[in-house]
Protein chains: 2
Amino acid sequence: MTVTLADVAARAQVSPATVSRVLNGNYPVAATTRDRVLRAVDELDYVLNGPASALAAATSDLVGILVNDIADPFFGIMAAAIQSEIGGPGGRAGGERLGVVCNTGGSPERELTYLTLLQRQRAAAVVLTGGAVENTTHAAAVATKLRKLADAGTRVVLCGRPPAPADAEAVALTFDNRGGGRELTEHLIGLGHRRMGYIAGPEERTTTRHRLEGHRAALAAHGIADDPAWTVHGRYDRRAGYEATLELLRREPSLTAVVAANDTVALGACAALRDSGLRIPDDVSVVGFDDLPFSVDAVPALTTVRLPLSEAGARAGRIAMGREEAPDGGIVTVQGELMVRGSTGVPKG
Amino acid sequence: MTVTLADVAARAQVSPATVSRVLNGNYPVAATTRDRVLRAVDELDYVLNGPASALAAATSDLVGILVNDIADPFFGIMAAAIQSEIGGPGGRAGGERLGVVCNTGGSPERELTYLTLLQRQRAAAVVLTGGAVENTTHAAAVATKLRKLADAGTRVVLCGRPPAPADAEAVALTFDNRGGGRELTEHLIGLGHRRMGYIAGPEERTTTRHRLEGHRAALAAHGIADDPAWTVHGRYDRRAGYEATLELLRREPSLTAVVAANDTVALGACAALRDSGLRIPDDVSVVGFDDLPFSVDAVPALTTVRLPLSEAGARAGRIAMGREEAPDGGIVTVQGELMVRGSTGVPKG
DNA sequence: TCACACATAGAAAGCGCTTGCTGCAACGCT
DNA sequence: AGCGTTGCAGCAAGCGCTTTCTATGTGTGA
């Protein structure tokens with residue numbers, strides 16, 4: 001029924017071993033023989049059996065990419081960049097690998113299950129993107145799993161995700177969330193803001209915590225009291241931003257600025273402010289984080305911190321493929337860049 | 001080094017066959033034996049070797065999801081919905097399958113290569129999302145490939161993609177792009193617009209063509225002449241929308257409305273209009289397509305056609321898993337819903 | 001009590017490929 | 001001319017699992 005290596009070998013009048021070597025190209029094969037084999041492959045329309053070679057060679061050409069939410073461009077952009085580098089079709093030279101984007105939905109259990117699935121497939125590499133959940137027992141479970149993967153020869157790269165202490169020797173590209181958060185708030189302080197609400201992401205997430213810490217560091221540095229009531233947690237989506245803003249306004253109607261955990265949340269915040277009859281930035285300034293493509297199109301355009309998502313993803317992909325040296329020490333912190341736009345201004349009051 | 005089925009068998013004092021049967025659960029195994037095996041699996045921290053079972057069983061638990069642009073929420077949303085249904089971790093019951101999101105970047109070659117890669121992996125199913133390229137030779141190549149996949153037992157489902165004539169018996173969920181396009185334009189005509197620019201997507205794409213046809217059908221139905229100069233093609237991104245709008249304005253400064261191929265493009269159009277000193281909808285109305293999450297947040301909120309991306313994706317996922325009957329005839333057309341919002345109004349002039 | 005069906009476990013034959021090792025020319029060296 | 005190299009191709013042993021077929025023990029009806 002299906003064409004096998006042996007069929008090709010028979011047709012090309014060589015041994016299966018030779019065909020295998022031609023296909024893998026890591027063993028000297030005479031040019032004329034190679035051509036004969038290649039022709040046979042073509043004529044028979046042969047397609048290698050992936051599982052069989054993975055079994056025999058003890059490695060597969062799958063590369064796992066774990067994301068928290070594939071519907072969120074933050075992850076979509078990184079995933080696209082990673083995939084473009086792991087040499088899938090259209091990628092650079094080298095083996096054709098299959099980039100597998102796995103959507104964990106931010107759930108620790110799913111993350112773990114996906115890692116097991118990838119381990120089961122003997123994945124060549126795994127890239128974990130985005131913030132991690134800061135639950136000790138879960139973090140330990142993930143670290144254990146990652147260690148096992150690494151031991152089994154799977155390359156592990158973190159992208160936009162701080163290495164947990166237990167992750168030890170993993171290669172990591174992390175974003176300077178703390179620094180970005182601080183810059184954003186200092187920008188607002190510089191404009192004269194003192195009463196700023198903060199819409200944080202879900203609790204127990206590294207990204208959430210780091211950005212919030214940056215915000216607080218800025219407040220502290222300028223001697224501004226940090227009223228816990230001015231911080232509201234929620235998911236990283238528009239709706240959460242909308243509701244959190246309404247809640248913030250209820251708690252403290254005199255706010256002059258809203259600092260959102262990311263651009264998507266900021267958009268929701270803008271909508272809530274508008275619906276409350278407030279003008280941006282005249283009445284209230286708003287800042288986001290990430291600088292997703294749509295942020296520049298918001299009205300007014302969003303002041304935010306640009307994260308080089310695409311570049312970081314590409315680099316992570318290259319490292320995962322072993323095409324680029326892992327950085328010294330294994331960890332690199334990628335800086336964001338403050339983008340001042342129309343959504344922030346001098347407070348009226 | 002690594003734990004194998006045999007190790008588990010030895011530990012549980014049963015034969016490898018029994019362990020396999022316990023793990024696959026499709027053969028009667030006495031409860032006490034099963035427990036013993038399961039305990040051994042646990043103690044040994046055994047992880048099934050995917051390639052090996054795929055080889056032996058001649059099927060794998062991979063499901064391919066092909067998208068044109070993973071960074072675009074249009075695809076991200078569908079991909080997320082599909083993945084949530086194919087029973088990956090967190091999905092419903094049933095085998096744990098690994099959803100593989102493949103980013104074709106809209107390139108026919110990549111699409112083909114990915115299909116080959118999936119064929120090589122003996123994927124259990126493949127879901128193709130989004131518009132197809134209307135290049136005859138390429139379409140034929142894809143159809144051939146799909147037929148081969150189907151013959152090899154891979155379930156093939158199209159989601160938001162019209163079946164090419166050659167795709168014959170494939171199951172397809174397609175969006176009513178033509179109908180949506182028509183509705184949008186009729187809405188504008190109803191408001192009194194007569195001079196409307198159209199920003200189309202890339203040529204040679206089914207989605208592009210269908211939406212444009214809907215637009216033209218509406219014009220024709222109302223006896224409005226269709227000036228080809230008022231249609232500009234471009235990519236499906238913000239920037240293309242921005243530039244196309246500028247171009248349109250240059251060609252015909254008296255336009256009262258801009259019809260964009262999708263919401264992302266519409267956002268770019270809005271930016272261009274604003275930068276040109278025009279107000280929306282007072283000077284120019286704008287409509288999009290898809291109703292992506294951010295569209296309601298645009299200022300003014302975008303009038304568009306809502307496509308049930310999530311629902312369609314979920315259904316496609318279920319069909320791919322064989323958990324839902326394929327529709328009669330194999331093809332279902334999913335309707336969009338016109339969402340009238342602030343970006344459209346009565347023309348001034 | 002004996003034959004027979006039923007339930008459960010094992011033996012063993014692959015699945016299609018990779019790769020270490022062996023075999024054998026043709027070649028260059030002294 | 002003799003012998004060690006070098007360059008290519010083949011042999012065959014698995015890789016770890018699934019599954020058919022067979023064997024065994026237990027319960028049933030006559």
Side-chain angles (χ1 to χ4, degrees), chain A residues 1-38 40-41 44-62 95-96 117 119-124 152-153, chain B residues 1-38 40-41 44-62 95-96 117 119-124 152-153:
Chain A
M1 184 64 228
T2 62
V3 183
T4 73
L5 235 210
D7 299 330
V8 176
R11 171 134 198 160
Q13 317 230 53
V14 297
S15 72
T18 302
V19 177
S20 170
R21 298 203 257 246
V22 168
L23 262 23
N24 291 298
N26 43 6
Y27 189 89
V29 174
T32 77
T33 312
R34 180 203 316 289
D35 289 349
R36 202 143 30 90
V37 170
L38 257 19
V41 165
L44 261 29
D45 208 8
Y46 170 68
V47 175
L48 192 66
N49 183 316
S53 38
L55 172 57
T59 69
S60 83
D61 46 10
L62 251 46
E96 296 207 319
L117 242 29
Q119 179 185 8
R120 170 176 305 180
Q121 298 299 334
R122 306 301 190 251
Chain B
M1 184 63 229
T2 61
V3 183
T4 72
L5 236 211
D7 298 331
V8 176
R11 172 134 197 161
Q13 318 229 55
V14 296
S15 72
T18 301
V19 177
S20 170
R21 298 205 258 246
V22 168
L23 262 23
N24 291 298
N26 44 4
Y27 188 90
V29 174
T32 75
T33 314
R34 179 201 317 289
D35 289 350
R36 200 141 33 87
V37 170
L38 257 19
V41 165
L44 259 29
D45 208 8
Y46 171 68
V47 175
L48 191 67
N49 183 317
S53 39
L55 172 58
T59 69
S60 84
D61 47 9
L62 250 46
E96 296 207 320
L117 242 29
Q119 179 185 8
R120 172 177 303 182
Q121 300 298 334
R122 305 301 189 252

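Lettering follows sequence order; numbering is per chain, from 1.
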Separation of Asn24(B) atom CG from dG16(D) atom P, in whole Å?
-> 17 Å
Between dA9(D), dT18(C), dT19(D), spot the one nearest the side chain of Ala57(A), thanks.
-> dT18(C)
Out of dA9(D), dG10(D), dA9(C), whichever nucleotide has its closest atom nearest the side chain of Val29(A) | dA9(D)
Please name the pair of heavy atoms, one in Arg120(B) and one in Pro51(A), separated by the smallest distance, quoted to 0.1 Å.
-> O-CD, 3.4 Å
When rounded to the nearest 0.5 angstrom, what is the spacing between CG in Leu117(A) and CG in Leu48(B)?
-> 10.0 Å
Rounded to the nearest 0.5 Å, what's the gap from OG1 on Thr2(A) to CG on Leu44(A)? Could you check?
-> 11.0 Å
Taking the side chain of Ala30(A) as heavy atoms from C-beta outward, which of dT18(C), dA9(D), dA9(C) is closest to it?
-> dA9(D)
Specify the separation, in whole Å, of atom CZ of Arg122(B) and atom C1' of dG16(C).
-> 9 Å
List in chain and number order the residues that pass salt bridge (charged side-chain N to carboxylate O under 4.0 Å, His left out) with Arg11(A), two or more places apart in sequence or in another chain; answer none if no residue qualifies.
-> Glu43(A)
In terms of the nearest nucleotide of DNA chain C, which residue is placed more toward the 5' end: Asn26(A) or Ala52(A)?
-> Ala52(A)
Working to the nearest 0.5 Å, report the span between CG of Leu38(A) and CG of Asp35(A).
-> 6.5 Å
Considering only dC11(D), dT18(D), dA9(C), which nucleotide approaches the side chain of Ser20(B) most closely?
-> dT18(D)
Give one of base, sugar-phosphate or nothing for Ala17(B), where a contact means two heavy atoms less than 4.0 Å apart.
-> base
Shortest side-chain distance from Ala56(B), nucleotide among dT18(D), dG10(C), dT18(C) | dT18(D)
How long is the line joining CG of Leu44(B) and C1' of dG16(D), in whole Å?
-> 15 Å
Among the nucleotides dT8(C), dT18(C), dC8(D), whichever has the atom closest to the side chain of Leu48(A) is dT18(C)
Any idea which of dC15(D), dG10(D), dT8(C) is nearest the Ser15(A) side chain?
-> dG10(D)
Thr32(B) or Ala6(A): which one's nearest nucleotide on DNA chain C is closer to the 5' end?
-> Thr32(B)
Euclidean distance, atom CZ of residue Arg21(B) to atom P of dT19(D) [Å, nearest integer] | 10 Å
Give the rounded distance in Å between these two atoms: CG of Asn49(B) and C1' of dC15(C).
-> 13 Å
Rounded to whole angstroms, how far apart are OH on Tyr27(A) and C1' on dC8(D)?
-> 7 Å
For Gln121(B) and dG16(C), give me the distance from atom CD to atom P, rounded to whole Å.
-> 15 Å
Is Thr18(A) near enough to dG10(D) that one of its side-chain N or O atoms lies under 4.0 angstrom from OP1 or OP2?
-> yes
Whole-Å gap separating P (dT19(D)) and CG (Leu5(B)) | 12 Å
Which nucleotide sits closest to the side chain of Ser53(B): dC21(C), dT18(D), dC8(D)?
-> dT18(D)
Side chain of Leu55(B) - closest among dC15(C), dC21(C), dG10(C) = dC15(C)
Between dT18(D), dG16(C), dA9(C), which nucleotide has the shortest distance from any of its atoms to the side chain of Thr4(A)?
-> dG16(C)
CG-CZ distance between Asp61(B) and Arg122(B), expressed to the nearest 0.5 angstrom | 14.5 Å
